[in-house]
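Report on the structure given below.
First the proteins, then the strands, lettered A, B, ... as listed; each starts at 1.
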Amino acid sequence: MDFDYFSIDAILAENQKIQCTFKHEIKNMGHLAGGSDRDIAMLSKVQIPIWLAYTVIYSDWAEFNIPAPFGSRVRNALKAEPTSVRLSNLVGAGGLWYGFGKTIMEILSDEQADEMSDALVKAFRGRLLEVIDQAQHFAALGHASGGGASSNTAQSFREGLDTTERELFALAQESAKRTKQWSERR
Amino acid sequence: MALPQSLRTSVTPPELELVASQLLIEIVPLISMEKTAFISGAYGPLRPPNKAKIPLWMAVNLKMKKKCHIVAPEWLNVDYLQDKLTQETTGPSFSSLPFRFTEIAKVILDVASDDVENPDKLRSLLKDLREARQAKSREGLKTLDHSELSLSNLCSMEINEIRPYFVQSMSILTQLVRNPGPDPLRNP
């Protein structure tokens, strides 16, 4: 996960939509809201992708609310038990929850951004150990018995991994598998 | 890049074994040979029954042709490893072992298990050591942050195993942390 200009991850992360409330009436831009209206009315709420929202928000045409995947409900759930939250459900399949959070962080005020960063870091660290543990567990199982015996919580945790964590899972699994193969050779 | 993700961050265990094979080891030759020049240096002469120091790869080659006995390094015996295992399971830090002990021990046990005492016991001790140390590097993961991590006495094989995901996790954390503090490496 990086935020290079050419990074595909960054582009995908910016593709998430956030809700903006327009402060002014904007002529001839009704298509942004997806409806058939010609203009965007004042105080109308429109879902626009982040890459577009940057300009709109910085130009002070609209303000935005922190989107639901980072709302207080999710934050409280993460605070209670990081591994119980299914991040992939929050941002859709192939979604980058952390990447999304990072992009939101950049348009927030300092104080809110610090809070957000704190929440993201805590969530990541809280889930990391479980990600690696499971990756190593699956590397040890090998191909034959791919996950028949795993419990329900473990499985639902795996399904709830966001793309960033999935990559990490694959890395750890591959690495553990390679080392195991080597030490069992001959 | 066309390299698979997993190969970009670390080398493979067989490559580490290759590196470890350059280290010198003592043998008791069964043939005599004049001092011979190789690309990495000149080794020999071999005069049975005097001991000689040659690279591990050469010792393995001679051993397979039954032309030498390999003398196990002083750390490759039951007492020493048992001692280390006790240290490992009682103390919080990693016990100090030779940097490439996993590779060397495996190569010797594979080709010259008749030259060491009690190879089966050694194998199980090495396995126990590996597991005890793995549990500790897992503890290290808990204290991971965006700027540094210190796990001293970790050996090459272990570093190589954890490198891909430790590095990745740290780079993710770097992205998530706001205003990361000054880089500790840049301050003298």
Please round to the nearest 0.5 Å and tell me the distance separating atom [atom1] of [X] and atom [atom2] of [Y].
| X | Y | atom1 | atom2 | value |
| --- | --- | --- | --- | --- |
| B/L16 | A/W182 | CG | CH2 | 8.0 Å |
| B/E161 | A/K180 | CD | NZ | 11.5 Å |
| B/L144 | A/L128 | CG | CG | 6.5 Å |
| A/T179 | B/E158 | OG1 | CD | 10.0 Å |
| B/M157 | A/S183 | CE | OG | 8.0 Å |
| A/L171 | B/Q168 | CG | CD | 5.5 Å |

Identify whether [X] and [Y] are in the same connected component of the hydrophobic contact network (ILVMFWY, side-chain heavy atoms under 4.5 Å).
| X | Y | value |
| --- | --- | --- |
| B/V78 | B/W75 | yes |
| B/V19 | B/I159 | no |
| B/L46 | B/V111 | yes |
| A/I107 | A/W97 | yes |

Seminar exercise, completed: Under 4.5 Å to a heavy atom of chain B? For A/I132 that would be side chain
Exercise. For A/R178, is it the side chain, the backbone, both, or neither that has a heavy atom closer than 4.5 Å to a heavy atom of chain B?
Worked result: both
Exercise. Are B/E17 and A/R185 ion-paired here, with the side-chain N under 4.0 Å from a carboxylate O?
Worked result: yes
Exercise. Between B/R178 and A/D118, does at least one N-O distance fall below 4.0 Å, as a salt bridge requires?
Worked result: no
Would you say that more than 12 heavy atoms from the other residues, nucleotides or ligands in this model lie under 6.0 Å from the [atom1] of [X], or not?
| X | atom1 | result |
| --- | --- | --- |
| A/W61 | CH2 | no |
| A/R73 | CZ | no |
| A/K23 | NZ | yes |
| B/K136 | NZ | yes |
| A/E111 | CD | no |
| B/E117 | CD | no |

For this session: Side chain from CB out, backbone as N, CA, C, O: work out which of these in B/R138 comes under 4.5 Å of a heavy atom of chain A, or both, or neither.
Result: both
Problem set entry | Polar contact flag, side-chain donor to acceptor under 3.5 angstrom, B/Y165-A/Q136 | yes
Problem set entry | N/O donor-acceptor pair under 3.5 Å between A/S117 side chain and B/L176 backbone | yes
Exercise. Is there a donor-acceptor pair closer than 3.5 Å between any side-chain N or O of A/K102 and the backbone N or O of B/Q175?
Worked result: yes
Exercise. Which atom pair, heavy atoms only, marks the closest approach of A/R125 to B/L173?
Worked result: CG-CD2, 4.0 Å
For this session: Provide the closest heavy-atom pair for A/S175 versus B/N160 in the form atom of the first, atom of the second, distance.
Result: OG-O, 4.2 Å
